[in-house]
Amino acid sequence: MSDYDVIVIGSGAGGGTLVRHLAPSGKRILLLERGDWLPREPRNWQAHDVFVDNRYVSDDTWYDEHGKPFQPQVHYFVGGATKLYGAALYRLRAEDFGELHHHDGISPAWPISYDEFEPYYTRAEQLYQVHGARGEDPTEPPSSAPYPFPAVSHEPRIQQLSDDLEAAGHHPFHAPCGVMLDEAQMHQSACVRCATCDGFPCLVHAKSDAEVLGVRPALEHPNVTLLTNAEAVRLQTNDAGTTVTGVVAGGETYTADLVVVSCGAANSAKLLLASASDAHPRGLANGSDQVGRNYMFHNCSAVLALSKEPNPTVFQKTLGLNDFYFGTDDVDYPLGNIQMVGKSSAEMYRGEKPLQTKLAPEWTLDKVAQHAVDFWLSTEDLPIPENRVTLRDDGSVGLAYRATNDVPKKRLLHELKLMLRDLGMQHDHLVPRHAYLKNDIPVAGCAHQAGTCRFGKDPATSVLDTDCRAHEVDNLYVVDTSFFPSIGAVNPALTAMANALRVGDHLLERMGAQQAQREHAHAG
Ligand SMILES: Cc1cc2nc3c(=O)[nH]c(=O)nc-3n(C[C@H](O)[C@H](O)[C@H](O)COP(=O)(O)OP(=O)(O)OC[C@H]3O[C@@H](n4cnc5c(N)ncnc54)[C@H](O)[C@@H]3O)c2cc1C
Ligand code: SF4
C-alpha cells in the first residue's frame, strides 16, 4: 500500500489550492514544499529589504540561452509566488480560450471552452475572496455569480483618473483584488489597506494568498501533512514508465497512488526532465518533446507617469483598463491590458538608472515618488517551441526566451502616452520602471511564467490531457501554470487556482471521494 493517496509537489497557486480542495475528502495527502514558511517580520513591509535587497527572492541561479547566469525572480515559500503577488485576480477573457490572431502569429485555442471553465472561476473567486464589480469592463467574460465581495474603492487620485478616462470615452473598471478588506467596517477588517502590498508579503496575513487560504485551512484536516524544505528532485516510475511509484525529496522516497506536480512552470518542467529513465529517455512524460517548451511570461512594461497634482494614493492597484485588449479602431490585433501597480516609493527607485538619469536634475526621487502614478501594461506573448526550459548538465535550469509581440507592446504604451494629457499627467514623461520586472535582465522577471507542460487533446503536441493528467503516465498530474496553452494578457493566478479546483474535482471522482467532499461542503 502506498504511503499516501495523493502527493502534491509545490504549495503555490496551483498546489496550495488543490490541497485545500482535496483536504475535506479524508484522503491521505502529502504536500511537499521546497521552501519554508515565509517569516513574519517587520521587514515584510520594508521596500528596501523587499525590492533592493531581494530578501524574499530565491538564491537559485538559472542560465539564459547563452549560458549567462542570472537570479530568477522566484519565491520558494509555502504559498509560492502568491506570497509576494499583487493579488490582481483576473479571469481570462472568453476569447482567450479560442484561437486569436496576434501581430506575431496565433495564440492557440484551449482544448476546453470558457463555459466549461467558468464554474471554477466562480469558485476560485469565492475561495480567494475576490473583490470586484461586474459590468464595468466591456471585455469581461460571462459569469454565473457576482463577485463575492464589493470592489475595493479608488482613492481620490485614482478616482480622478477613472473619471478622466471615462470623460475621454474609455471604460476603466475596478480591478479584481484578492485582499481581505472590509471597507464598511474597517475596525473588523483584516486588511489595513497599506502601501506595501504588490510585490511584498502581507505582514498581517490579509492577502488572499495560497498559504493563508490554501495551505493553512488544508492543514486543519488531520489527513493532510506538509513537509517544508522538501525539494522533490526526481519522480520514479515502474519499468514500463506508466505509473509514478516514488517521489524523491529531502533524501527520502515517498509513495502515493496519485502524484501532482505544481512547482511553477520552470521547476515543474525541470522535475519532469530530471526524471528521465529508460522508459522516458527525454524526460518523464516527454514523448512529445513538449516538456519545457512554449514558455511564456507576458511581454510587460512597468511605467511611471508623473501626475501634475501630487498622488498621495496608498493602495493604488484598484483600476484596470481593457479597451485595447483586442486592438483599437486602427489596430486589428490584440494589444493587451493596462492596470495599476502598487504605488512606488523613492526607496524602490534606488539603483534604477532610467529614473535617475532621465528626470534629473529637475525631479528629485522624492518628488518623483510624490507625483508618480504607476502603470503595468501586459501584452500576450505567444507560445513558441524555442522558448523553453531545459535541464543543464549541472542540474540547473536553462531558459531560452525570445520576446514576441513587441509591436503591440509598444503600441499599447503609445496608447497610454496619447492619453496622458487628458489624465492630468505630464505628457512628456512615461518612465520605465524596473519594479519586479527587472528590465535589465528581462528573462529574470519570471513572475508570470507559464506554459511548459501544456494541456491538449493530442499527445503528439501536448504533455497533459484535458484533465491535466500526463498523456503517458497514468497517475501523474500537473496543476500549476505549466498547463496554459496560451497566456492571454491578464494576470495568471486566478486561472491556475480555478484549474486546480477543476482538476481537484476530477481527482476526487477518481478516488471515489467526490460525494464525501460535496457532503462536507454542504455541512460547512
Ligand atoms: C511579485 C509578483 C507579483 C505577482 N502579481 C500577480 C497578480 O497580481 N496577479 C496574478 O494573477 N498573478 C500575479 N503573480 C503571478 C502569480 O503569483 C503566479 O502566476 C502564481 O503564483 C503561479 O502559481 P503556480 O502554482 O504555477 O506556482 P507558484 O505559486 O510559484 O508555486 C510553486 C511552488 O512550488 C515550490 N517548488 C518549486 N520546485 C519545487 C520542488 N522541486 N519540490 C517542492 N516544491 C517546489 C515553490 O517553492 C512554490 O511554493 C505575481 C508574481 C510575483 C512574483
Ligand atoms: S493592502 Fe492589505 S492585504 Fe495588502 S499587504 Fe496591506 S494589509 Fe496586507
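Along the sequence shown, residues carry numbers from 1. Both counts, for ligands and for their atoms, begin at 1 and track the order of listing. These numbers come from the heavy atoms of this one structure, side chains and all, not from hydrogens, waters or symmetry mates.
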Undergrad: Within the structure, does L494 bring an N/O atom to less than 3.5 angstrom of an N/O atom in ligand 1?
TA: no
Undergrad: Distance from L377 atom CG to L416 atom CG, nearest 0.5 Å?
TA: 5.5 Å
Undergrad: Heavy-atom contacts with K207 under 4.0 Å: which atoms of ligand 2 show up? List them by number with element.
TA: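 It comes down to these atoms of ligand 2: 3 (S).
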Undergrad: Do S208 and Q129 pair up side chain to side chain, a donor and an acceptor below 3.5 Å, judged on atom types alone?
TA: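 No, Q129 and S208 have no side-chain donor paired with an acceptor closer than 3.5 Å.
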Undergrad: Return yes or no for this condition: an N or O of G15 is under 3.5 Å from an N or O of ligand 1.
TA: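 The answer is no, given that G15 and ligand 1 share no N or O pair closer than 3.5 Å.
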Undergrad: Roughly how far apart are L399 CG and W62 CH2, rounded to 0.5 Å?
TA: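 If I round to the nearest 0.5 Å, the distance is 6.5 Å.
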Undergrad: Can you tell which of A81, G79, A496 gets a heavy atom nearest to atom 17 (O) of ligand 1?
TA: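 Nearest heavy atom to atom 17 (O) of ligand 1 lies in A81.
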Undergrad: Taking 4.0 angstrom as the limit and counting only heavy atoms of H75, give me the atoms of ligand 1 inside it, by number and element.
TA: 53 (C)
Undergrad: Considering A249, G12, A500, which one's heavy-atom position lies nearest to atom 31 (O) of ligand 1?
TA: G12
Undergrad: Can you find an N/O atom of E33 closer than 3.5 Å to an N/O atom of ligand 1?
TA: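 Yes: some nitrogen or oxygen of E33 is under 3.5 Å from one in ligand 1.
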Undergrad: Checking only N/O/S atoms, does C197 have one that is under 2.8 Å from atom 2 (Fe) of ligand 2?
TA: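 No, outside the cut-off.
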Undergrad: L89 to ligand 1: N or O pair under 3.5 Å?
TA: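 No: no nitrogen or oxygen of L89 is under 3.5 Å from one in ligand 1.
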Undergrad: Verify whether one side chain among S2 and Y254 offers a donor that lies under 3.5 Å from an acceptor in the other.
TA: no
Undergrad: Under 4.0 Å from a heavy atom of G14: which atoms of ligand 1 are those, numbered in the order shown and with their elements?
TA: 25 (O)
Undergrad: At the 4.0 Å heavy-atom cut-off, does K317 count as touching ligand 1?
TA: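 The answer is yes: ligand 1 sits under 4.0 Å from a heavy atom of K317.
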Undergrad: For ligand 1, indicate whether the residue H448 contacts it via side chain, backbone, both or neither (heavy-atom separation under 4.0 Å).
TA: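 Under 4.0 Å from ligand 1, H448 contributes side-chain atoms alone.
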Undergrad: Which atoms of ligand 1 have any heavy atom of G80 under 4.0 Å away?
TA: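 Taking each heavy atom of G80 in turn, ligand 1 has 29 (O), 31 (O), 48 (C), 49 (O) under 4.0 Å.
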Undergrad: Does only the side chain of Y90 get under 4.0 Å from ligand 1, or the backbone, or both, or neither? Count heavy atoms.
TA: neither
Undergrad: Just say parallel, tilted or perpendicular for the rings of H174 and H154, cut-offs at 30° and 60°.
TA: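 Plane angle under 30°, so parallel.
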Undergrad: Under 4.0 Å from a heavy atom of V192: which atoms of ligand 2 are those, numbered in the order shown and with their elements?
TA: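 With V192 as reference, the close atoms of ligand 2 come out as 2 (Fe), 7 (S).
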Undergrad: Can an N or O of G35 be found at a distance shorter than 3.5 Å from an N or O of ligand 1?
TA: no
Undergrad: Measure W45 to ligand 2 on non-hydrogen atoms and call it side chain, backbone, both or neither using the 4.0 Å cut-off.
TA: side chain
Undergrad: Taking both backbone and side-chain atoms of A88, is any N or O found less than 3.5 Å from an N or O belonging to ligand 1?
TA: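 Yes, since at least one N or O of A88 sits under 3.5 Å from an N or O of ligand 1.
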Undergrad: From the options L321, T313, I158, D198, select the one residue that forms a side-chain contact (heavy atoms from CB on, under 4.5 Å) with M340.
TA: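 For M340, the side-chain contact (heavy atoms from CB on, under 4.5 Å) test succeeds with only one of L321, T313, I158, D198, which is I158.
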Undergrad: Just to be sure I read this right, does ligand 2 sit under 4.0 Å from the backbone of T196, its side chain, both, or neither, counting only heavy atoms?
TA: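 Backbone only.
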Undergrad: Closer than 4.0 Å to some heavy atom of C191 - which atoms of ligand 2 meet that?
TA: 1 (S), 2 (Fe), 3 (S), 7 (S)
Undergrad: Rounded to the nearest 0.5 Å, what separation is found between the CG atom of N322 and the CG atom of D137?
TA: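 Reported to 0.5 Å precision, the distance equals 4.5 Å.
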Undergrad: Check contact between F200 and ligand 2, using heavy atoms of the residue and a distance below 4.0 angstrom.
TA: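 The answer is no, since F200 has no heavy atom less than 4.0 Å from ligand 2.
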Undergrad: How are the rings of Y477 and H506 set relative to one another: parallel (under 30°), tilted (30 to 60°) or perpendicular (over 60°)?
TA: tilted
Undergrad: Any idea which protein heavy atom is nearest atom 8 (Fe) of ligand 2, and the distance to it?
TA: C202 SG, 2.3 Å
Undergrad: Can you confirm if the NZ or CZ of R134 lies within 45° of the ring axis of Y147 and under 6.0 Å from the centre of its six-membered ring?
TA: yes
Undergrad: Counting N and O atoms only, with roles assigned by atom type, does the side chain of S275 sit under 3.5 Å from a partner on the main chain of L284, one being a donor and the other an acceptor?
TA: no
Undergrad: Is a donor from one side chain sitting under 3.5 angstrom from an acceptor on the other, for T122 and E118?
TA: yes
Undergrad: Hey, what do you get for CD (Q290) to CG (L272), rounding to the nearest 0.5 Å?
TA: 13.0 Å
Undergrad: Which of these, G10, C263, A210, has its nearest heavy atom closest to atom 32 (C) of ligand 1?
TA: C263
Undergrad: State if L32 counts as touching ligand 1 under the rule of any non-hydrogen atom under 4.0 Å.
TA: yes
Undergrad: Rounded at 0.5 Å granularity, tell me how far OH in Y295 sits from SG in C453.
TA: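 Reported value, rounded in 0.5 Å steps: 13.0 Å.
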Undergrad: What part of S482, side chain from CB on, backbone N/CA/C/O, both or neither, has a heavy atom under 4.0 Å from ligand 1?
TA: neither
Undergrad: Tell me whether the centres of the aromatic rings in F51 and F200 are closer together than 6.0 Å.
TA: yes
Undergrad: In ligand 2, which numbered atoms sit nearer than 4.0 Å to a non-hydrogen atom of V204?
TA: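 By the 4.0 Å cutoff, the relevant atoms are 7 (S).
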Undergrad: Report, in ascending order of atom number, the atoms of ligand 1 lying under 4.0 Å from any heavy atom of A493.
TA: 10 (C), 11 (O), 12 (N)
Undergrad: When only distance counts, is A265 in polar contact with ligand 1, meaning an N/O pair under 3.5 Å?
TA: no
Undergrad: So if I count the atoms of ligand 1 from 1 in the order they appear, which ones are less than 4.0 Å from some heavy atom of T82?
TA: 17 (O), 21 (O)
Undergrad: Quick one, R216 and E211 - any side-chain contact, counting heavy atoms below 4.5 Å?
TA: yes
Undergrad: If I apply the N/O under 3.5 Å rule, does D480 come out as touching ligand 1?
TA: no
Undergrad: Closer than 4.0 Å to some heavy atom of T481 - which atoms of ligand 1 meet that?
TA: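 Contacts of ligand 1 toward T481, numbered from 1: 22 (C), 26 (O).
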Undergrad: Just jot down the ligand 2 atoms closer than 4.0 angstrom to any heavy atom of F315, in number order.
TA: 1 (S)
Undergrad: State the atoms of ligand 1, each with its element, that fall below the 4.0 Å cut-off from a heavy-atom position in S11.
TA: 33 (C), 49 (O)
Undergrad: F117 ring centre to R502 NZ or CZ under 6.0 Å, with the angle to the axis within 45°?
TA: no
Undergrad: Could you check atom 6 (Fe) of ligand 2 against the protein and tell me its nearest heavy-atom contact, residue, atom and distance included?
TA: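 Going atom by atom, the protein heavy atom closest to atom 6 (Fe) of ligand 2 ends up being C194 SG, 2.3 Å.
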Undergrad: Might you work through the side chain to side chain donor-acceptor pair (under 3.5 Å) test for S153 and R193, ending with a clear yes or no?
TA: CA-CA 11 Å; S153 66; R193 193 173 183 136; 3.2 Å; yes
Undergrad: Hey, is V179 touching ligand 2 through its side chain, its backbone, both or neither, going by heavy atoms under 4.0 Å?
TA: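 Just the side chain.
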Undergrad: Quick one: which ligand 1 atoms are inside 4.0 Å of a heavy atom on N267?
TA: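 Those atoms are 37 (C), 38 (N).
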Undergrad: Is a side-chain N or O of D53 found less than 3.5 angstrom from the main chain of R55, in a donor-acceptor match?
TA: no
Undergrad: If I take atom CD1 from residue I384 and atom CG from residue L382, how far apart are they, to the nearest 0.5 angstrom?
TA: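 That separation rounds to 7.5 Å.
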Undergrad: Are the aromatic rings of Y401 and F297 close, with centres under 6.0 Å apart?
TA: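 Yes, ring centres under 6.0 Å apart.
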